[in-house]
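By convention in this document, chain letters (A, B, ...) are assigned in the order of the sequence lines, proteins followed by strands, and residues within each chain are numbered from 1. Keep in mind the model is a prediction, meaning the values are calculated, not measured.
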Number of protein chains: 4
Amino acid sequence: MIKVGIVGGTGYTGVELLRILVNHPDVELSVITSRSEEGMPVADMFPNLRGHTDLRFSVPSADTLGACDVVFFATPHGVAHALAQEVLDAGARVIDLSADFRLQDAQEWEKWYNQPHGAVNLLPEAVYGLPEVNREQIRQARLIAVPGCYPTSVQLGLLPLLEKGLLPQQMLIADCKSGVSGAGRGAKVGSLLCESSESMMAYGVAGHRHLPEIRQGLSRAAGYAVDLTFVPHLTPMIRGIHSTLYAQAPDLKDDLQALYEQRFADEPFVDVMPAGSHPATRSVKGSNMCRIAVHQHAETGQIIVLSVIDNLVKGASGQAVQNMNIMFGLEEQAGLRQVALLP
Amino acid sequence: MIKVGIVGGTGYTGVELLRILVNHPDVELSVITSRSEEGMPVADMFPNLRGHTDLRFSVPSADTLGACDVVFFATPHGVAHALAQEVLDAGARVIDLSADFRLQDAQEWEKWYNQPHGAVNLLPEAVYGLPEVNREQIRQARLIAVPGCYPTSVQLGLLPLLEKGLLPQQMLIADCKSGVSGAGRGAKVGSLLCESSESMMAYGVAGHRHLPEIRQGLSRAAGYAVDLTFVPHLTPMIRGIHSTLYAQAPDLKDDLQALYEQRFADEPFVDVMPAGSHPATRSVKGSNMCRIAVHQHAETGQIIVLSVIDNLVKGASGQAVQNMNIMFGLEEQAGLRQVALLP
Amino acid sequence: MIKVGIVGGTGYTGVELLRILVNHPDVELSVITSRSEEGMPVADMFPNLRGHTDLRFSVPSADTLGACDVVFFATPHGVAHALAQEVLDAGARVIDLSADFRLQDAQEWEKWYNQPHGAVNLLPEAVYGLPEVNREQIRQARLIAVPGCYPTSVQLGLLPLLEKGLLPQQMLIADCKSGVSGAGRGAKVGSLLCESSESMMAYGVAGHRHLPEIRQGLSRAAGYAVDLTFVPHLTPMIRGIHSTLYAQAPDLKDDLQALYEQRFADEPFVDVMPAGSHPATRSVKGSNMCRIAVHQHAETGQIIVLSVIDNLVKGASGQAVQNMNIMFGLEEQAGLRQVALLP
Amino acid sequence: MIKVGIVGGTGYTGVELLRILVNHPDVELSVITSRSEEGMPVADMFPNLRGHTDLRFSVPSADTLGACDVVFFATPHGVAHALAQEVLDAGARVIDLSADFRLQDAQEWEKWYNQPHGAVNLLPEAVYGLPEVNREQIRQARLIAVPGCYPTSVQLGLLPLLEKGLLPQQMLIADCKSGVSGAGRGAKVGSLLCESSESMMAYGVAGHRHLPEIRQGLSRAAGYAVDLTFVPHLTPMIRGIHSTLYAQAPDLKDDLQALYEQRFADEPFVDVMPAGSHPATRSVKGSNMCRIAVHQHAETGQIIVLSVIDNLVKGASGQAVQNMNIMFGLEEQAGLRQVALLP
C-alpha cells in the first residue's frame with residue numbers, strides 16, 4: 001500500500017483527491033494537513049466522506065509528510081515552493097497540484113505570479129505531469145507539476161496537430177468555458193451563486209496565468225514558439241471545462257479524425273469521439289476522461305476542436321492520481337474508473 | 001417628486017431598490033451611501049444600472065439624508081438603530097428594510113440578535129409595514145419596519161384563517177424554501193455556487209430570527225399567542241420564497257377558496273390562485289406579487305397553503321416602495337407594475 | 001459472476017443502473033433492452049458510458065432475459081406486470097424499479113394508476129425491497145419491488161419513531177423536495193430547464209402515487225393505519241430528495257438521537273448525522289447513502305426529521321443493486337461504495 | 001393607442017412580447033392567437049401575466065389580425081410566409097420574429113430551411129429590423145424581419161470594424177454561448193433541465209441557420225463577402241447570449257474604444273463598456289440592452305469583442321417592440337426601460 005499525504009485539504013482539489021483516494025485499492029491515506037482546521041475530522045468539513053475516512057486535519061510537518069511515500073500539494077501557489085524540498089529530502093515523492101513547478105522559466109513564473117520563485121533549484125527535476133506527453137519521465141520523477149485545468153484541455157485538443165507540424169506559424173485561438181469550481185472554495189463575491197449562476201462572462205482577456213503554461217506545452221510539441229489567444233469564460237455550472245479550439249489549415253488534406261484516433265489510441269483517459277460529435281462536459285462529470293471531437297469545414301479548411309474535461313478530475317486531482325499510479329508502477333486506471341454522473 | 005435617500009446600497013436589497021426606483025414616476029433619487037465605496041458610481045458596481053443613474057456612493061450623513069423626503073435603510077441590523085433618530089429629526093421619514101424595528105418587544109429583539117437594542121424609544125411609533133394589515137397606520141407613519149421575507153410570505157398565507165379564528169390553538173407549520181439571495185451579498189462559503197447549487201438543505205431548525213417576527217404577526221391577527229414551527233430551507237436558485245403552510249382543521253366547513261379571495265379582493269399585490277393551483281416562485285420573479293393557493297383535504301381536513309413571493313421584491317425592496325407609495329399618497333402600484341420574468 | 005439483464009434502459013434509472021453495474025465486481029451485464037433503440041450501442045445514447053460497455057440495446061425477449069440470473073425492470077408502470085412472470089418462469093429473478101409490485105393491495109394500485117393490475121397472482125411473493133426493513137425476506141425473494149424515491153426517504157426518516165410506538169395516532173407531515181430527474185427523461189414541457197430551473201413549486205397536493213406506498217410502509221411499522229400529509233415539491237436541481245418530516249410528541253422523553261443511532265447502527269447505507277445537523281442533498285449525490293438528522297424542540301416537543309437521498313441511487317438504482325447484492329449473497333456494499341460528488 | 005395582434009403566443013418570444021407590451025404606454029393588445037389553445041386565457045398558461053391581461057387565445061384570422069395596426073409573428077418558420085400577405089392586405093403592418101424574411105436570397109433560405117420559400121414576392125419590401133443599421137428603412141416599412149438572437153449580438157459586436165474597413169479579407173470567428181431558452185418552449189429531451197443544466201456543449205458546428213444571416217449582415221456592412229466561423233454553444237442558464245468575437249488586425253493603429261463609443265453614441269440600446277470590461281449576460285437579463293467591450297492585445301494585434309444580450313429581449317421580442325416604436329413614430333425606448341434583473 002502506498003502511504004499518501006495531502007497538504008492543504010480544505011479546498012476543492014483536496015476533497016476531490018480524498019474522494020478518489022478513499023476508494024483507491026493501493027493507497028493508504030496517512031496525513032492530511034490544514035493549519036486552520038487542525039484536529040477537525042475531514043468528514044466534518046466534507047460530509048460526503050462520512051463513513052469513508054476517519055482522518056483528521058493536522059498541522060503540516062516535514063516529519064509526518066516525509067514518512068509518506070508520496071505527498072500531494074493541493075495548496076495556493078507558493079506553498080509547495082517552501083515545503084517541497086523538505087518533503088523530498090525526507091524521502092517522499094511530491095505531486096504538486098499548484099502552479100509552483102509548471103513553468104520551467106522561473107522569470108516567466110515571477111512575472112505572472114508577482115512574487116519571487118521560491119524553489120528555482122528544483123525546476124530541473126520537476127516533470128510536467130501530462131501523461132499523454134511525459135509518461136516515461138513521470139515514471140522516474142520525484143517531483144511532478146500537475147498541469148492546470150485549462151492547459152490540460154487545450155493541450156490535449158491541439159497536440160496531435162502541432163506534433164505533426166500541421167499548423168504552421170499562425171494565431172491559434174482557445175475559447176474556454178469553465179465551471180465555477182475552477183475559482184476555488186474561497187469566499188469571493190464573484191463566486192456566489194447569486195453572482196455567477198444564470199450568467200456567462202469572459203474574464204482575464206488581457207492575460208491569464210494559464211496562458212504561459214499552455215504556450216510552453218504547445219511550443220514543446222510544435223518545436224517553435226506557438227502563439228495563442230486564450231479567453232477563459234466563467235460558466236454557470238459547478239464542474240467542467242469546454243475548450244473550443246480554432247486553427248486555420250486551408251490546404252490541409254489529412255484525415256484529422258484518423259490522426260486524432262491514432263494519437264490517442266493507447267491513452268486510457270482520452271476519448272476521441274466519432275466524427276461530427278459535440279461532447280458535453282456532463283459526459284465527463286466526476287470522471288478522469290477527456291473527450292475530444294475534431295471538425296474541419298470543407299470549404300474554408302477551418303479546424304475546430306472541442307475538448308472537454310472535469311476541471312477537478314482530469315484537470316486536477318484525477319490527473320494527479322494518474323501521475324501517482326504511473327510513478328509507483330500501479331495500473332494507470334487504478335482508482336480512476338468512475339463513470340461520469342449523468343444526469 | 002419625492003426625494004429619496006438609500007443608506008447601504010451595496011447589497012441585494014439596495015440594488016433592488018435602485019432597480020425599482022430609477023423607473024418610479026414620482027421619485028428623484030438623491031443620495032445613496034456606502035462608506036466602503038465612497039465616490040464610486042453605483043453603476044460601476046451594478047452594471048445593470050448603466051444608463052439608468054449617474055448616482056455615486058457617498059458617506060452617510062444626517063445632513064444629506066435629512067434633506068430627503070424619505071430614507072430607505074438597506075443595512076445590516078443595528079445600523080438603523082444608530083442613525084434613524086437623526087434622520088427623523090432632520091425631517092425625513094424612514095423606511096427600514098432591516099430587522100431593527102420589526103419586533104415590538106425589545107427584549108425579544110436582544111435575545112435573537114445578541115446585542116442591545118439601540119433605539120427603544122422609537123419602537124412605539126414604528127409601524128410594521130405589511131400593507132395588507134396596517135395600511136392605515138402606514139399612511140401616517142414616520143418610521144416603517146419593512147417585514148422580513150419569510151414573515152411576509154407566511155403571514156399573507158395564514159392571515160385569513162387566523163383573523164377568522166378558524167385555527168384554534170394548535171401547532172402550525174411553515175416549511176419555507178428560499179433562494180440564496182436571501183443570504184445576502186456577503187462573501188460566505190455557504191453561498192458559493194459550488195456549495196449551494198445542485199443541493200437542498202434545511203437550516204436554522206433550532207431557531208431562526210424570523211420566527212419571533214412571524215409569531216408576533218400571527219398572534220396579533222389571531223388574538224392569542226400563536227405557536228408555529230418554522231423550518232427554512234436553502235434552495236438552489238437566486239430569487240424566490242415558497243412557503244408551504246400546514247394547519248389542521250378537521251371540522252372546518254368554510255369555503256376556504258372564497259375566504260381567501262374575499263380577504264385579498266382589494267389587495268393589488270396578493271393574487272389568490274384558482275382552487276387546485278400550485279404557484280411557482282418564477283411566476284413572481286422580479287415582481288411585487290404574492291401568489292397564494294389554498295388546499296384542503298376532504299377526508300382529513302388538513303389545510304395546506306402555498307404562498308410564493310420574490311424575496312427581494314415583495315419580501316424586501318418592492319414592499320418597501322409599496323410602503324413609500326402609501327405614505328406619500330401615491331398610487332400604491334406606482335413603480336411596481338413589472339411583470340415577472342418568465343422564463 | 002451474476003448475469004444481469006435490464007429491461008428499459010433508456011431512462012434515468014436505466015443509465016444509473018449501468019453506471020453502477022459496469023464497475024460492480026461480481027456482475028456481468030448481458031442484456032439491455034429498448035424496443036425503440038434496437039441495435040444502438042448504449043454508449044451512443046449515454047456517452048458517459050463510452051469505454052465502459054459495448055452493450056447494444058436489443059428487443060426484450062423472455063429467452064435472453066430468462067438466461068440471466070437477475071433482470072432489472074427500469075420501465076414505466078405496467079410493463080413488469082406483463083413480462084415478469086415469463087422471466088421468472090425462465091428461471092431468472094426479478095428486481096422491479098417501477099411501481100408495479102409496491103402496493104400489496106391490488107385495488108389500491110388500480111385506483112392510483114387508473115388501470116387494471118396485470119399480475120395479481122405475483123403479489124403474494126413480491127417483497128418490498130427496503131433492506132432496512134425486509135433484509136431477510138429479500139435474501140429469499142424471487143421478485144423484488146424496489147421502493148419509490150419519496151417513500152424511501154420518508155420511511156427511513158420515520159421508522160425508528162413508529163416502530164417504537166412513539167407517535168400515537170396523529171397527522172404526520174412529509175414536506176418533500178425532489179430534483180427534476182424524479183420526473184424522468186421524457187420530453188415534457190414542465191421538465192425543461194427554462195420551466196423548472198430558478199423556480200420552486202409544490203405539485204400533487206391533492207394526491208400523489210407515492211402516498212399509498214408511504215402509508216403502507218409506515219402502517220406496517222407502526223401496527224396501525226398511519227395518517228400522513230405528503231406534499232412533494234419540484235426543486236431546481238438534477239438529483240436529490242430532501243424530506244422534512246414533522247411529528248408532534250409533546251410528552252416524549254426519549255433520547256431521539258440515541259434511538260436513531262441504534263436503529264441504524266448496522267445499516268451500511270443509513271448515516272445518522274450528529275445532533276443539530278442539517279444534511280444537504282449534495283452530501284449524497286451519486287451515492288447510495290441516506291443521511292438523517294433528528295431534531296426536537298425542547299419547549300413544544302415538535303419533532304423534525306431531515307432525511308436526504310439521491311433519488312436515482314438510494315431512491316432507485318442503487319437500492320435495486322443493494323437488493324441484488326443481498327439476494328445473491330454478495331457483500332451488501334459491492335459496487336456501491338462511490339463517494340458523493342462534492343462539489 | 002396602437003392596436004396590436006400577436007400570432008403564436010404560446011412560445012417564449014410570445015410571452016416575452018406580452019410581458020413588454022402589457023406595460024407599454026402606447027399599446028392596446030387586441031388579439032393573441034394559438035390554434036391549439038383557443039379560448040384559454042393567456043394568463044392561465046403564463047401565470048406571471050395574471051392581473052396584467054384578460055386576453056384569451058383565439059384562432060388566427062385575417063379579419064381580426066387585419067384590424068390591428070401591427071401584427072407580430074412569434075411563430076415557427078413558414079407560418080409568416082403563409083399569412084403575412086393577407087395581414088398586410090388587410091392594412092396591418094407585420095413584424096415577424098421568425099426567420100421567414102431575414103434572408104434576402106430565397107434560394108439560400110430554402111437551402112438552410114429545407115422547404116420552399118412561401119413568400120418570395122414580399123422579400124423586396126422586407127426590412128431587416130436591426131435599428132442600429134436600418135433605422136430609416138424601418139420607419140417606412142410595412143414588413144419587418146426581426147434579426148435572430150445570435151445575429152444581433154454578433155453584428156453589433158463587429159459592425160464598427162467592418163463599416164470602417166478595418167478587417168481586410170480574413171476569417172472572423174464568433175464563439176457564441178446561448179441560454180437554453182434559445183431552443184424554445186418545445187418539449188425536447190435536449191432542453192430538459194436534467195440534460196442541459198450543469199453542462200456545456202457546442203452544437204451545429206457543421207452549420208447553423210443563423211450563419212447565412214450573420215454573413216449577409218456583415219457583408220453588407222463591409223462591402224465584400226465576409227467569411228465567418230460560427231460556433232454556438234448551449235449554456236446552462238435560461239436567458240442570455242455571450243458572443244466572443246475574434247479578428248486579427250496586426251497593424252491596426254486605431255483607437256478601438258473610441259471607434260465603438262462613437263459608433264453607438266446615439267444608440268439607446270447599445271452600451272459600450274469602459275476599456276478592459278467583461279460584460280456579463282446577467283447585466284442585460286430582461287432588458288433590451290446590448291453591452292459590448294472591445295479588447296486588443298498590444299503585442300499581437302488580436303482583437304477580441306465581447307457582446308452580450310438577452311436573447312429573448314434584444315435578441316427577439318424587445319427588438320421587435322423597438323422596431324414597432326420606430327415604425328409608429330413612438331419614443332424608441334417606450335416600454336423598453338426595464339432594468340436588468342440583478343441578481
C:T300, C:T235, C:I238: which one forms the most heavy-atom pairs within less than 4.5 Å of chain B?
->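 Of the options given, most contacts go to C:I238.
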
Heavy-atom side-chain contact between C:H278 and B:V231 under 4.5 Å =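 Result no, sub-4.5 Å side-chain heavy-atom pair not found.
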
Select one option (side chain, backbone, both, neither) describing which atoms of [X] are under 4.5 Å from chain C's heavy atoms.
{"X": "B:E198", "answer": "both"}
{"X": "B:I173", "answer": "side chain"}
{"X": "B:P236", "answer": "both"}

Using the side-chain contact (heavy atoms from CB on, under 4.5 Å) rule, take C:M200 and B:T244 through it: C-alpha gap first, then chi angles, then the decisive distance, then the call.
-> CA-CA 11 Å; C:M200 184 78 192; B:T244 314; over 6 Å; no

For B:M201, does its backbone N or O pair with a side-chain atom of C:R282 as donor and acceptor, under 3.5 Å?
->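 No, because the side chain of C:R282 does not come within donor-acceptor range (under 3.5 Å) of the backbone of B:M201.
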
Can you name the closest pair of heavy atoms from C:P343 and B:C194 and give their distance?
->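 In this case the closest contact between C:P343 and B:C194 is CB-O, 3.4 Å.
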
Could you tell me which non-hydrogen atom of B:V205 sits nearest to which non-hydrogen atom of C:H297, and how far apart they are?
->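 Nearest pair, atom of B:V205 first, then C:H297: O-NE2, 2.8 Å.
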
Top of [options] for chain C proximity - count of heavy-atom pairs under 4.5 angstrom:
{"options": "B:L306, B:V308, B:I304", "result": "B:I304"}
{"options": "B:Q248, B:Q302, B:E195", "result": "B:E195"}
{"options": "B:A202, B:G240, B:A298", "result": "B:A202"}

For the residue pair B:H233 and C:H242, categorise the inter-ring angle as parallel (less than 30°), tilted (30 to 60°) or perpendicular (more than 60°).
->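 Correct class here is perpendicular.
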
